[in-house]
Amino acid sequence: MELLFRILLFITGAINVLPAILVFSSEKLSKSYGIEIPNPNFELLLRHRAVLFGIVGGLMLYAAILKKHYSLSVTVGLVSMISFIVLYFSLEGINQNLEKVMRIDFIATALLIIVFAVYKIKSL
C-alpha cells in the first residue's frame, strides 16, 4: 500500500510541478490558462504563482522519492488543490482551460485523499 501511495504522491507532485515550467514564458502562461496577460503586474503574479506550484510539487516529489514527510506533503498539496477547486466554484465566467485544471485537481485530490487514508489505516 505504501508503494501505491508513493506513486500517487509522485503523480500529484508532478501535476503540481508542471505549471512551474511556465515561469519562463508569458506566452505559454497566456496560452495554458486561456487568458490575456494585460500588464507586467499581472504577469508577475502569474509567474510567482508558477514558482509556488514548483515548491508545492517539489515537496510532494521529495516526499514520494525519499519516503519522508508524507503528512506534510499531502497536507500542502491538498490545501493547494482544494483551494483552487473552492475558488473555481466561487467565481463565474471561468474559461475552459481553467475548468480543465479544476477537473485535474479534483481527480488528483480525491485519489490522494483515498490512498493516503488507506495507507494511514493500514499503518496502524
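Scanning all heavy atoms of the two residues, the minimum distance from G34 to N95 falls at O-ND2, 2.9 Å.
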Can you give me every donor-acceptor pair (side chain of residues 36-45, partner residue at least two apart or in another chain, under 3.5 Å) with its distance?
from	atom 1	to	atom 2	distance (Å)
N39	OD1	N41	N	2.9
N39	OD1	F42	N	2.9
E43	OE2	R47	NE	3.1
E43	OE2	R47	NH2	3.0

Only distances under 3.5 Å count here; give the side-chain donor-acceptor pairs of residues 54-66 to other protein atoms, sequence neighbours excluded, each with its distance to 0.1 Å.
none

Donor-acceptor contacts, no H, no angles, side chain residues 14-25, under 3.5 Å, sequence neighbours left out:
from	atom 1	to	atom 2	distance (Å)
N16	ND2	T12	O	2.8
S25	OG	E27	N	3.4
S25	OG	K28	N	3.1

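Under the rule for a side-chain contact (heavy atoms from CB on, under 4.5 Å), the partners of L87 that lie at least two apart in sequence or sit in another chain are S90. Partners of Y33 by side-chain hydrogen bond (donor to acceptor under 3.5 Å, both in side chains), not counting sequence neighbours, listed by chain and number: R49. For Y70, the ring-ring contact (aromatic ring centres under 6.0 Å, His included) partners at least two apart in sequence or on another chain are F5, Y119. The salt bridge (Lys or Arg N to Asp or Glu O under 4.0 Å) test applied to E99 returns R103, not counting sequence neighbours. With sequence neighbours excluded, no residue satisfies side-chain hydrogen bond (donor to acceptor under 3.5 Å, both in side chains) with R6. Considering only residues two or more places apart in sequence or on other chains, K120 meets the side-chain contact (heavy atoms from CB on, under 4.5 Å) condition with S71, F116. By the side-chain contact (heavy atoms from CB on, under 4.5 Å) test, I107 pairs with L111, sequence neighbours left out.
In this structure, the side chains of N97 and S32 stay at 4.5 Å or more apart for every pair of heavy atoms. Taking the side chain as every heavy atom from C-beta outward, I7 and I11 approach each other to under 4.5 Å.
Residues in residues 76-102 take part in no ring-ring contact (aromatic ring centres under 6.0 Å, His included) pair, two or more places apart or across chains. Among residues at least two apart or in separate chains, there is no salt bridge (Lys or Arg N to Asp or Glu O under 4.0 Å) pair with a member in residues 62-76.
Taken together through direct or relayed side-chain contacts under 4.5 Å among Ile, Leu, Val, Met, Phe, Trp and Tyr, I104 and I85 form parts of separate hydrophobic clusters. In the hydrophobic clustering of this structure, V79 does not group with M81; members are Ile, Leu, Val, Met, Phe, Trp, Tyr whose side-chain heavy atoms approach within less than 4.5 Å, directly or through other members. Under the 4.5 Å side-chain heavy-atom criterion for Ile, Leu, Val, Met, Phe, Trp and Tyr, L52 and V74 are members of distinct hydrophobic clusters. Both L46 and L91 are part of a single hydrophobic cluster, where members link through side-chain heavy atoms under 4.5 Å apart. A single hydrophobic cluster is not seen to contain both I113 and F10; linkage of ILVMFWY side chains at heavy-atom distances under 4.5 Å, directly or through other members, places them apart.
L78 CG to L112 CG: the interatomic distance, rounded to the nearest 0.5 Å, is 5.0 Å. The distance from the CG atom of L3 to the CG atom of L8 is 11.5 Å, given to the nearest 0.5 Å.
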